[in-house]
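Following: one structure in C-alpha cells, then a few remarks.
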Number of protein chains: 2
Amino acid sequence: MASYPGQEMNTKDSASPRFDLIELFFFAYRDFTGDPDVLLDELGFGRAHHRVLHFVHRNPGIRVSDLLDILKITKQSLARVLKQLVDDDFICQEPGALDRRQRLLYTTEKGAELCARLSKLQTQRINKAISLMPDCSDEIIRQFLYLMIDENERSEVAHLITKQTD
Amino acid sequence: MASYPGQEMNTKDSASPRFDLIELFFFAYRDFTGDPDVLLDELGFGRAHHRVLHFVHRNPGIRVSDLLDILKITKQSLARVLKQLVDDDFICQEPGALDRRQRLLYTTEKGAELCARLSKLQTQRINKAISLMPDCSDEIIRQFLYLMIDENERSEVAHLITKQTD
DNA sequence: AATATAAGTCAACATAGCTGACGTATTTTT
DNA sequence: AAAAATACGTCAGCTATGTTGACTTATATT
C-alpha cells in the first residue's frame, strides 16, 4: 500500500487503536486459561505443566527439541515441569527406535485422562460461546485466530492443529 | 438441555474436544502479546507494566482498588510495577478531590505516548487480520471474545470497552 | 577417530505473581 | 469526640516460570 497526500479520511494521522478487541482478547484469554487452573492446582501443577501435557498428548512420540520449538522456552525451563510430569506418571519417555539419543514423549493413561478433563473444560466454554452465535461463526473465528499468528509460523500451526488425537 | 437415552449421535459419550480452537487461541494470543515486548524491553518494562499503563490510560483517574479489580492481582504485585511507572514518569498520582485517601492514577504525556505506540502495534496486527476476512467478521469476533468471558464479568467488561480514550 | 547432535543437569538470576503482617492518613460511624 | 472502617502503602519472604551459561553423557555422523 503506497502512501500519498489526501489518502487519510481521518483528522488523525493514523487509524484508531482497536481498544475493544485488545481488551476483549485480554479478558477472554484470561478466563479461557483460568478454567483448568483449579484442576491443575489440586495436583500441584501450573499452566506450564498444562501446556507440556497438552502438546505431548497431541503429538505422541514428540522429540524434546520439537516440543521446545512449539513452546518456545528453553530446555532448562521445560526440564523442570517435564520431570514432575514424568515423576508423577503423567508422561513417559521412550528412546527413539531409529535414533536412540532421542527420548520420545508420550502421555500415560493417567496423563491422557487429565488432558481430556482439562480440554473438556475449555471446550465447554468454547462450545457455549459458539452456540450463541450465527452459523458461519466457527469458521470466522478460526480464520481470525489463524491470521493473528505470525505469518512465518502459520503453516507450522496449521499442521499442528489438523492432527487427530481422539 | 435435558439428557435422555439415544440422544447421542456419537460413539463417544461426550463432544469432541476443540483442539483446533484451543491451540489457535494459544498461538494467536502469544503472538498478539509478543508485539509490544520489544518496545517494553528497551525501557526495562514487562507485560505487567503494559497492562497497568494500558488500563490507567483507558481509565484516567482510576482508583488503585478499581485497577486491582480489573487486573485481578494483589496490591503488592501492583505496587512493584506501579512504582516503576511512576518513578519513570509514565504514570502520575493525584489525591482524590472528594476523598483524599485515594491516589487517582493518570498517564503522563510520556505514558500516553508509549501507550499509543504499544496499542498501535497490536492494532496493526488486528487490522491486518480483519482486512483479509469477510465483512461481517469484526462483529463476530467481538461477540465471540465477549462470550468467552465469564458470564458474571461480562457487563463490567462491556462497560470498560465502550469507553472512549482517543 | 573426530565431530556433531539429542538430551540432561547444575548454578545463578529475573519477573511477576502470592500470603501475611503492619503502618498511616482520612473518612465514616457510633 | 472517640472508635471503626477504608484506601493505600510497605516490609519480608515465598512460588512459579521464564532466562543465561557451562558442562556431561550417550549416540550418530563424518
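Basis for what follows: all heavy atoms, side chains included, without hydrogens, waters or symmetry-related copies. In what follows, chains are A, B, ... by sequence order, proteins preceding strands, each numbered from 1. This one's a predicted model, so the numbers in the text were calculated from it and none came from an experiment.
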Using only modelled atom types and a 3.5 angstrom limit, is any donor from either the side chain of Q93(A) or the base of dG8(C) paired with an acceptor on the other? no
Which range-with-range stems can be found for DNA chain C when each stem has 3 or more Watson-Crick or G-U pairs in a row and both distances sit under 3.5 Å? C:1-30 with D:1-30
Rounded to whole Å, the CZ-P distance (R103(A) to dG8(C)) equals 5 Å
What residue among D37(A), D35(A), D41(A) forms salt bridge (Lys or Arg N to Asp or Glu O under 4.0 Å) with R47(A)? D37(A)
Between R125(A) and D150(B), does at least one N-O distance fall below 4.0 Å, as a salt bridge requires? yes
Return yes if the base of dT27(D) and the side-chain atoms of R100(A) contain a donor-acceptor N/O pair under 3.5 Å, otherwise no. no
Between A79(B) and H49(A), who's closer to the 5' end of DNA chain D by nearest nucleotide? A79(B)
Between D138(A) and R142(A), is there a side-chain N and carboxylate O pair less than 4.0 Å apart? yes
Residues pairing under ring pair (Phe, Tyr, Trp, His ring centres under 6.0 Å) where one sits in residues 60-118 of chain B, two or more places apart or in two chains, turn out to be F45(B)-F90(B)
Please report the distance, rounded to the nearest Å, between CG in L71(A) and P in dA7(C). 14 Å
Select from Q76(A) and Q102(A) the residue whose nearest nucleotide in DNA chain C is closer to the 5' end of that strand. Q102(A)
Hey, is the side chain of R80(A) pairing donor to acceptor with the base of dG18(D) inside 3.5 Å? yes
With sequence neighbours left out, what residues match N152(A) under side-chain hydrogen bond (donor to acceptor under 3.5 Å, both in side chains)? none
Under 3.5 Å donor-acceptor pair, K75(B) side-chain atoms to dG9(D) base atoms: yes
When rounded to whole Å, the CG to P distance for the pair L98(A) and dA6(C) reads 14 Å
How long is the line joining CZ of R101(A) and P of dT27(D), in whole Å? 10 Å
